[in-house]
Structure formats: structure tokens, C-alpha cells
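Everything below concerns the one structure shown next.
Atom set for the values below is all heavy atoms of this structure, side chains included, hydrogens, waters and symmetry mates excluded. Keep in mind the model is a prediction, meaning the values are calculated, not measured. All ligand and atom numbering here is 1-based and tracks the order in the structure.
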Amino acid sequence: MSVLSGKKIILGISGGIAAYKTASFVRLLIKAGAQVQVIMSPASCAFITPLTLATLSKRPVYTQFEKDFGEWTNHVELGLWADLMIMAPATANTLAKMANGLCDNLLLATYLSAKCPVFFAPAMDLDMFAHPSTKENIRKLKSYGNIEIESAYGELASGLIGQGRMAEPEDMLQTITDFFNNESTLYLKAKKVVITAGPTYEPIDPVRFIGNHSTGKMGFDIANEAAKRGADVVLITGPTSLTTTNDSIKVVKVLSAKEMYQACHEVFSSADIVIGAAAVADYRPKVVADQKIKKNDEEFTIVLEKNPDILASLGAIKTNQFLVGFALETENEIEYAKSKLKKKNLDLIVLNSLNDKGAGFGKPTNKVTFIDKDFTIFPQELKSKEAVAKDIIDQIVKSYVE
Ligand code: C5P
């Protein structure tokens, strides 16, 4: 039996050509045993008829506030009835209204009243999809905890090729089936997760710096994974060539440890979870020359002073935040990692051992061990960094949320 059996689902349809696909989507949901209440925006009725969807869903379809004989459609009741709401297709117009609290039709009023998880499947032409306002609206919706079912790249109704095709009904069905199968995996909904990534560059003069080999990959993978799980992600990163895969991630670019420290402290009070994956330089040149240093002498000495320990400084002032740090050790790994966990007042530490082949800087794979606050040790297998990012988020969900 499908996990969707008996689930109450509102399908919200807005006015785009992809609305024609909702007929098969309703059939799939009904076949899986779900109860489906279709609500259509007035514009969508030009693309597919309420009669078709009422027949397939075996329920009356709602399109407006007034029913027959002066009765009104109770959008608050509908919003409370549903176990899940899915807006598909979600047009640029409807996304903009959802993101900004407009409710000039029954569908939007129901969305605003809904207490259940809300999914949305954007569908529009590529230029509309690429427009910064659409991107911003999607980011906003995700920050409210709504979950995007990403649109696909391909042929669009305009004849152009690009991103903006609504996900196929089978894929949307799979996404919500996965959601019900494993609700806890999405539990980062509306949580603010701050992640540090990459190296820091410590300036010597206007053209030189002290840096390290960190590529930032681990931190970026964690950021992408957290965003996938519905978190509102701020990624504070040192110099790297990487980009995020999820536009909802707010990227703050910094150069030095001092700048990273400042950026972290600016967002810390509103953060729920902080993950320090950056390879922060421990020291910086005490004096930064104003001009390029000339090579006059045979020997040249740079005096270094200690950088602030960003995670430790957050650990010292934390209230409810869940703090995660990394440790890269070459000997007495577990003992050093435990003492770091305590000293920095962390809730979880991810230990990379350089003794493990495939772990560490610049490698696509990593082998880690988790140690939680109670010093329980969870060794993991060697995996791709993407898979390790998933494990890290799972472990955080287990330790923090459950
Ligand atoms: O003390 P150690 O450098 O081994 O600690 C590593 C952990 O602490 C990592 O999570 C790293 O991001 C963080 N860290 C930091 N600020 C520093 C040094 C390390 O936040 N100055």
C-alpha cells in the first residue's frame, strides 16, 4: 500500500500551459489512494477544465470564493484539512503572490491559511524563470519553509529550450511519496543554517597572502544538502571557484579570518545551526604592508599573530544554536577531537583523519567520524563528499531535532 493512501492533498493549479499535466497527476494521486482536493486559480480554467479534474479527483473542484446559492468556500477549513498542499504548476505570477502574501483568489487564500507542508512546482518560460524577481520569490518561499520541486531543463511551450518545464507528474508523485516516507529528512524546514567554507587568505601586502589548499567543497556540499532539506542557508565562504546548486542559498564572500569572524557574528543571533567547515588560517601577518614588498633582502621574516577562533567565539556566546565543527588530526584523533568539542562548546564534531586514504583537502571523497556531545562515536565509511554532506545533515537532524 502506498504511503499516500488516505493522505489529504490539496492540488493548487495556476494558469500556465503545464496545467494540462495535472490531469495525469491527479490520476496518479488517486491511484495511490490519496484524497485530492483540486483548487484552481481563475486563469488556470482556460488551460484545463474543472470538469475534467472533478471527474478524475472524484470531488468538486473549487475555483472561487462563492459557491452556489450564496455559500462561500471556506479556505481556512480547506487549509486545515490538508496533510500536504502542492502548487503545480506554480506560475511566475502565483509564485510572486505567494511570496508576498497576496490573496486575490481562493487558491492563494487557501495557501495563506494552510498549516501543512507546501510544495511548489515552478513552470514558466526560461526568461521568466531566470529573472531575478522570480529567483528572489523562490528564495523567499523556501525561507518560509515551502519546498520547491525543481523545474526541468528542456523544450518549453514557447518553442525555446531552457529551464522552466514543470516536473513530470511521476516525479512530483515520487517527491511527495519520499516526503511522507521520511518526513524527518526534511526537518530542516525554515531552520536557519549558517555554514563556513573554503580557505581564508591572510594579506601580507596588497598582492600577497598566506592561504591554504582548501577548495571549499565539503562546505558547499553541506550547504546544498541543507538547502535541499528546506533550510534557510547562509554560506560564508573564503575564496573558491565553487558555486552553489541552489539559488536560495545566501552566499557571503569573505577573504580573511577576520572578515569571516565578522560575517559569522552578524548572523549568529538568528541562526539555529552553525556548521564550521572552513579551513580558517590560525595566524595572520601582524603587519600588512601598504605597498608591495620589495625583494631587497636575502632573508625575510613575517611576524604572525593569532586569528580569532571563530567557532570557539560562537560557542562562548551560544544560546540555543547547535554548533558543528570539524577536526583534522594526524594522531590521537579521537582524544583531540573530543577535547576540541569541549573546548569550543560544540554539539557535534566531524573528525577527518589524514590517516585515511581519500580523506581531506582537494579530494572528492571523505571518511569521517562523528562525535556528539555525550562523546558517542559514530564512524562512517569512505564516501563522496556529497554523501558525507548528507550523513552530516542526517546526524544533525538526529542529534538536534529529534
Ligand atoms: O582548532 P582547529 O583549527 O582544529 O578546529 C577546526 C574547526 O574549528 C573547524 O570547524 C574550523 O572551521 C573551526 N575554526 C574556526 N576558526 C579558527 C580555526 C578553526 O572557526 N580560527
Please produce the table of protein N or O atoms sitting under 3.5 Å from N or O atoms belonging to ligand 1, one pair a line, distance to 0.1 Å.
| unit_1 | atom_1 | unit_2 | atom_2 | d |
| --- | --- | --- | --- | --- |
| ligand 1 | 1 (O) | Lys344 | NZ | 2.9 |
| ligand 1 | 4 (O) | Lys340 | NZ | 2.4 |
| ligand 1 | 5 (O) | Lys344 | NZ | 2.8 |
| ligand 1 | 8 (O) | Lys344 | NZ | 2.9 |
| ligand 1 | 10 (O) | Gly276 | O | 2.5 |
| ligand 1 | 10 (O) | Phe326 | N | 2.8 |
| ligand 1 | 12 (O) | Gly276 | O | 3.2 |
| ligand 1 | 12 (O) | Ala278 | O | 2.7 |
| ligand 1 | 16 (N) | Ile310 | N | 2.9 |
| ligand 1 | 20 (O) | Leu311 | N | 2.9 |
| ligand 1 | 21 (N) | Pro308 | O | 2.9 |

Worksheet entry | Full working for side chain to side chain contact (heavy atoms under 4.5 Å, CB included) between Ile86 and Phe120 | CA-CA 6 Å; Ile86 173 165; Phe120 62 98; over 6 Å; no
Fill in: For Leu28, side chain to side chain contact (heavy atoms under 4.5 Å, CB included) partners two or more places apart
Pro169, Glu170, Leu173
Worksheet entry | Contacts of type salt bridge (Lys or Arg N to Asp or Glu O under 4.0 Å), residue Asp205, not counting sequence neighbours | Arg208
Discussion item. Among residues at least two apart in sequence or on other chains, which ones pass salt bridge (Lys or Arg N to Asp or Glu O under 4.0 Å) with Asp125?
Written reply: none
Fill in: Exceeds 12 heavy-atom contacts within 6.0 angstrom, atom CG of Asp104
yes
Worksheet entry | Ion pair Asp221/Lys217, N-O distance below 4.0 Å | yes
